[in-house]
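Step one of this worksheet: look at the structure below.
Each residue takes its place number in the sequence, starting with 1. Whatever order the structure lists them in is the order used to number ligands and atoms, beginning at 1.
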Amino acid sequence: MSVRAEFDEWATTGRDRGMEERHWHTAKHALARMPVEAGQTVLDLGTGSGYALRALRERDIGRGYGLDGAPEMVRNAQSYTDDDAIGFLRGDFDALPFGDDTVDHVFSMEAFYYARNPHSTLEEIHRVLRPGGTFYCAVNYFTESESTHEWQSRISVPMTLWSRSEYREAFREAGLVVAEQDAIPDNEVEIPPESAFPTDNWERRADMVDRYRTWGTLLTVGVAP
Ligand code: SAH
């Protein structure tokens, strides 16, 4: 299935808002670290409901673009705001519809690993970023967070499973300087007491602790030289 078919279906069944709610637990911390300044331009890759840009506008960014491959996601995201300074467009990570050196910061939450070719997507990001611009790449699906690996079996779009060091290496290969890498724990998901396990979704409590409290979201920050 294509990105469009898979994620249009998610958008029309309300999963865009469901993701927003869950991803916000850690995405808000990643967003808080972004060195955005008033008036700057931010691009959100795989924007979903567009919550990241709505949040960044409260910090006075000048312009926000939310790119997504699924038209229904774009339509929903647009309908959740009437802020003229943020706009949503359909596009693919393969070819970003922006000129060279035109974007101050790129953000992406739980989307980068769907890129058909993550290496060329990183090159695209480097191309559109102004010197000194940053890429805040947040993912929950990565090698060290073992219980996430099974997600691929439930999603028709191929996903790239990289480790922390593979992220750093790929950023460097694309010419980005790795300024930071960190796992941001999700301390908000409630983890029931030992006696509640197995639950519908979790065999062992320890796996749930590993997924949320130990790993949570992997944030890799790249800076365009
Ligand atoms: N960032 C949002 C949405 C995450 S879901 C959040 O945190 O909730 C991943 C999103 O990326 C989906 O909306 C999907 O349509 C989009 N996406 C996946 N692969 C893509 C690609 N190759 N090009 C553009 N968008 C893509």
Should you measure from each heavy atom of [X], which atoms of ligand 1 turn up under 4.0 Å away?
| X | result |
| --- | --- |
| Ala70 | 15 (O) |
| Gly91 | 23 (N), 24 (C) |
| Glu110 | 4 (C), 5 (S), 9 (C) |
| Gly69 | 24 (C), 25 (N), 26 (C) |
| Asp92 | 21 (C), 22 (N), 23 (N), 24 (C) |
| Ala111 | 9 (C), 11 (O) |

More than 12 non-hydrogen atoms from neighbouring residues, nucleotides or ligands closer than 6.0 Å to [atom1] on [X], yes or no?
| X | atom1 | result |
| --- | --- | --- |
| Asp82 | CG | no |
| Arg57 | CZ | yes |
| Glu150 | CD | yes |

Distance to 0.1 Å, residue and atom name: give those for the protein heavy atom nearest to [atom].
| atom | answer |
| --- | --- |
| atom 15 (O) of ligand 1 | Asp68 OD1, 2.6 Å |
| atom 19 (N) of ligand 1 | Tyr114 CB, 3.3 Å |
| atom 8 (O) of ligand 1 | His23 ND1, 3.0 Å |

Note to self: Using a plain distance cutoff, I'd like to know if Gly46 has any nitrogen or oxygen under 3.5 Å from a nitrogen or oxygen of ligand 1.
What the structure shows: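 Looking only at distances, the answer is yes, because the N/O contact criterion of under 3.5 Å is met.
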Margin query: So for ligand 1, is Ser49 a polar contact partner (N or O within less than 3.5 Å, distance only)?
Written below: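 So ligand 1 has no N or O lying under 3.5 Å from an N or O of Ser49.
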Checklist line | Thr217 and Thr26: CA distance, side-chain angles, deciding distance, side-chain hydrogen bond (donor to acceptor under 3.5 Å, both in side chains) verdict | finding: CA-CA 7 Å; Thr217 295; Thr26 54; 2.6 Å; yes
Contact between ligand 1 and [X] is defined here as a heavy atom of the residue under 4.0 Å from a ligand atom; is it met?
| X | answer |
| --- | --- |
| Tyr51 | yes |
| Arg116 | no |
| Ala138 | no |

Give the contacting part of [X] toward ligand 1: side chain, backbone, both or neither, where contact means a heavy-atom distance below 4.0 Å.
| X | value |
| --- | --- |
| Met73 | side chain |
| Phe93 | both |
| Thr47 | backbone |
| Val3 | side chain |

Margin query: Within 45 degrees of the ring normal and closer than 6.0 Å to the centroid, is that where the cationic atom of Arg4 sits relative to Phe7?
Written below: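 No, a cation-pi geometry is absent between Arg4 and Phe7.
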Is [X] salt-bridged to [Y], cutoff N-O under 4.0 Å?
| X | Y | answer |
| --- | --- | --- |
| Arg54 | Glu20 | yes |
| Asp182 | Arg33 | yes |
| Arg116 | Asp92 | yes |

Next item on the list: Flag the pair Trp162 / His119 as yes when their ring centroid distance falls below 6.0 Å, and as no otherwise.
Entry: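 Between Trp162 and His119, the centre distance is under 6.0 Å.
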Check: Quick one: are the ring centres of Tyr113 and Phe142 less than 6.0 Å apart?
Finding: no
Note to self: My understanding is that only residues two or more places apart in sequence, or in another chain, count here; which of them pass ring-ring contact (aromatic ring centres under 6.0 Å, His included) with Phe171?
What the structure shows: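 Once residues adjacent in sequence are excluded, the partners of Phe171 under the ring-ring contact (aromatic ring centres under 6.0 Å, His included) criterion are Phe135.
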